[in-house]
2 protein chains.
Amino acid sequence: MKNKFITPEGYTSDIAVFTITSEQVGEYKPPKKELKIMLIKRSELNHEGNPNMEAGKWALPGGFVRPEETAFQAAERRLTEETGVEGLKIKHFGVYDSPGRDQRGWIISNAHYVIANEADLRTRKTTYDASEVKLFTLEEALELDLAFDHQTIIEDALWFIKKDMALTTLARHFLPDEFVISELQGVLLTVLDDPSISTDAAFFRKAPTFPFIEAVSEDGKLKKSKRYSKTPAQLYQFNDYQPIVSVYRNKLQG
Amino acid sequence: MKNKFITPEGYTSDIAVFTITSEQVGEYKPPKKELKIMLIKRSELNHEGNPNMEAGKWALPGGFVRPEETAFQAAERRLTEETGVEGLKIKHFGVYDSPGRDQRGWIISNAHYVIANEADLRTRKTTYDASEVKLFTLEEALELDLAFDHQTIIEDALWFIKKDMALTTLARHFLPDEFVISELQGVLLTVLDDPSISTDAAFFRKAPTFPFIEAVSEDGKLKKSKRYSKTPAQLYQFNDYQPIVSVYRNKLQG
DNA sequence: TTTATAATTAACATTTTGTTAATTGTTAAT
DNA sequence: ATTAACAATTAACAAAATGTTAATTATAAA
């Protein structure tokens with residue numbers, strides 16, 4: 001069918017890949033955790049051998065959406081191409097379509113974010129259009145001269161991460177299957193600023209009652225771990241409870 | 001610059017316009033409130049005089065995005081064109097870009113929703129490509145044979161409305177500036193199903209303590225209304241408090 | 001043995017809930 | 001005038017949940 005409309009000149013999909021790194025700060029101590037974002041350095045030439053747009057700048061991984069796929073599928077495909085990681089839970093969070101955001105013309109981008117384990121990203125590889133791949137703290141990333149409007153996209157993604165962290169059990173994607181309370185606390189504190197989380201006594205008293213986690217047992221007795229402390233600490237795992245919160249109610253509803 | 005990429009054949013913006021109608025169910029009684037969505041009937045011919053795609057079907061208002069605007073701006077523009085209403089708070093909630101969703105080709109749609117006052121929609125007008133405009137209950141709307149993938153879009157929009165109603169003070173957009181508790185309750189119940197809202201005693205005891213509303217005073221004394229009851233009921237208004245909820249905390253934080 | 005430390009528990013005063021049962025103010029019908 | 005009806009509130013109170021401070025516990029290392 002004849003194209004009767006003025007159409008965009010490109011349709012792309014970008015992915016903000018977040019991870020939380022753990023830094024061992026001493027023996028028998030919970031590690032210091034920090035939120036990081038994965039960026040790629042745009043190479044000088046594209047795969048056709050022509051100069052690449054915004055070459056040399058750091059940018060979110062992403063690429064053009066193909067006509068036989070959705071932006072979401074493109075995000076999955078590109079994520080695998082860039083990092084070698086599959087099966088992660090990608091979320092769409094926004095559209096960036098301001099005229100002039102890309103010098104090549106009217107190019108629309110769908111923005112996604114994904115949470116990866118630090119371990120997953122160890123398998124990342126450098127591909128033809130990413131001369132370098134690196135993890136940055138959010139502060140570092142936002143100080144760089146990023147390609148296109150990727151600074152705005154990252155700021156927005158961060159906001160969505162914070163919201164999701166507070167409203168859903170997103171934290172589970174930053175944690176191993178079995179974790180101790182201090183690990184959960186560490187993950188939450190990378191993103192949320194809340195005294196009821198940062199105050200140890202309050203958090204340790206309350207956390208075991210969260211309806212969405214449960215203590216792990218083994219051979220009929222509670223399973224403990226000494227990975228971060230001398231005292232064995234109880235291991236927990238997330239269950240399938242989906243908490244629902246509301247400004248009109250305090251108690252959680254599933 | 002030469003276009004080197006396979007590009008979409010159209011970029012559109014759709015808007016789900018919601019309103020809550022009030023039906024007087026008797027004197028001195030709170031009115032029955034119901035969530036409705038505004039749909040347009042696609043006309044047989046488009047403005048060029050050619051047969052219109054999906055003609056005769058009910059659909060979300062919307063249209064093609066122009067290259068000098070964003071999808072968001074297109075939504076604002078189309079909303080005004082369709083309804084004559086300006087200045088409402090439009091929210092983007094999703095992208096619909098599955099191959100095959102529109103027979104005309106690879107056409108991407110950005111979906112938005114907006115809350116309008118029932119009164120606002122009284123000024124709505126019929127335009128060249130909408131032979132009819134009508135409010136439907138959500139049940140009615142989802143039973144229609146809707147154009148394109150608009151059924152999916154409406155289902156998704158409904159989900160977002162519910163979420164926003166629970167997590168934000170979205171309810172304010174369905175209420176007059178000054179309202180009584182039973183009106184607030186009525187609005188919430190059109191979308192949320194929660195005993196702490198539907199149980200009168202619980203809701204009336206708790207509502208006055210919500211940090212995001214406050215009692216209205218006039219001439220130094222509390223302002224009351226008798227619009228829905230014989231007993232004068234206290235009037236409230238929303239303030240600027242933005243409640244923040246979290247699954248890890250019960251008390252509200254601003 | 002002792003010390004240090006993260007994890008946990010105890011104890012308790014304070015706040016918030018959920019519920020049931022009154023009260024109040026006002027209209028409309030005796 | 002009285003009274004019935006009824007939505008909107010308030011009262012009262014037991015049950016839960018929260019915030020805080022102060023123990024306790026288990027273990028490694030000195």
Indicate the atoms forming the closest heavy-atom contact of A:T19 with A:N117, along with that distance. OG1-C, 3.4 Å
Rounded distance (Å) that lies between atom [atom2] of [N] and atom [atom1] of [X]:
X: A:Y236; N: C:dA7; atom1: OH; atom2: P; result: 12 Å
X: B:K224; N: C:dT26; atom1: NZ; atom2: P; result: 9 Å
X: B:Q234; N: C:dT23; atom1: CD; atom2: P; result: 23 Å
X: A:K223; N: C:dT8; atom1: NZ; atom2: C1'; result: 20 Å
X: A:F210; N: D:dT18; atom1: CZ; atom2: P; result: 9 Å
X: A:D200; N: C:dA10; atom1: CG; atom2: P; result: 18 Å
X: A:F203; N: D:dT21; atom1: CZ; atom2: P; result: 19 Å
X: B:F204; N: C:dT24; atom1: CZ; atom2: P; result: 18 Å

Is the B:H92 ring parallel, tilted or perpendicular to the A:H92 ring (thresholds 30°, 60°)? tilted
Can you tell me if [X] touches the phosphate of [N], counting only side-chain N or O atoms and a distance under 4.0 Å to OP1 or OP2?
X: A:K226; N: D:dA26; result: no
X: A:K230; N: C:dA7; result: no
X: A:K29; N: C:dA6; result: yes

Selected nucleotide, minimal atom distance to [X] side chain, candidates [options]:
X: B:R205; options: C:dA11, D:dA8, C:dT19; value: C:dT19
X: A:P232; options: D:dG19, D:dT27, D:dT9; value: D:dT27
X: A:A202; options: D:dT20, C:dT8, D:dT9; value: D:dT20

Please report the C-alpha distance between A:Y96 and A:D14 in whole Å, then the side-chain angles of each, then the deciding distance to 0.1 Å, and finally whether the side chain to side chain donor-acceptor pair (under 3.5 Å) criterion is met. CA-CA 10 Å; A:Y96 296 84; A:D14 290 314; over 6 Å; no
For C:dA29, which nucleotide in any strand shown is its Watson-Crick or wobble partner with both distances under 3.5 Å? D:dT2
Under a 3.5 Å limit for both distances, which nucleotide forms a Watson-Crick or G-U wobble pair with D:dA15, could you say? C:dT16
Pick the nucleotide of DNA chain C nearest each of A:S229 and B:T199; which residue has the one closer to the 5' end? A:S229
Between B:K223 and B:S217, do the side chains contain an N or O donor and an N or O acceptor separated by less than 3.5 Å? no
Ignoring hydrogens and geometry beyond distance, is a side-chain donor-acceptor pair present between A:D145 and A:Q151 at under 3.5 Å? no
DNA chain D contacts among residues 175-191 of chain B, heavy-atom distance under 4.0 Å: B:S182
Hey, does B:T231 reach any base, or is it just sugar-phosphate, or nothing, if we go heavy atoms under 4.0 Å? base
Which part of the nucleic acid, if any, lies within reach of B:A233 when heavy atoms closer than 4.0 Å are counted: base, sugar-phosphate only, or nothing? sugar-phosphate
Tell me if the aromatic rings of A:W58 and A:F136 count as close, with their centers under 6.0 Å from one another. yes
Just checking A:F174 against A:F179, ring centres under 6.0 Å apart? no
Can you tell me how far apart CG (A:L167) and CZ (A:F160) are? Round to the nearest 0.5 Å. 11.5 Å
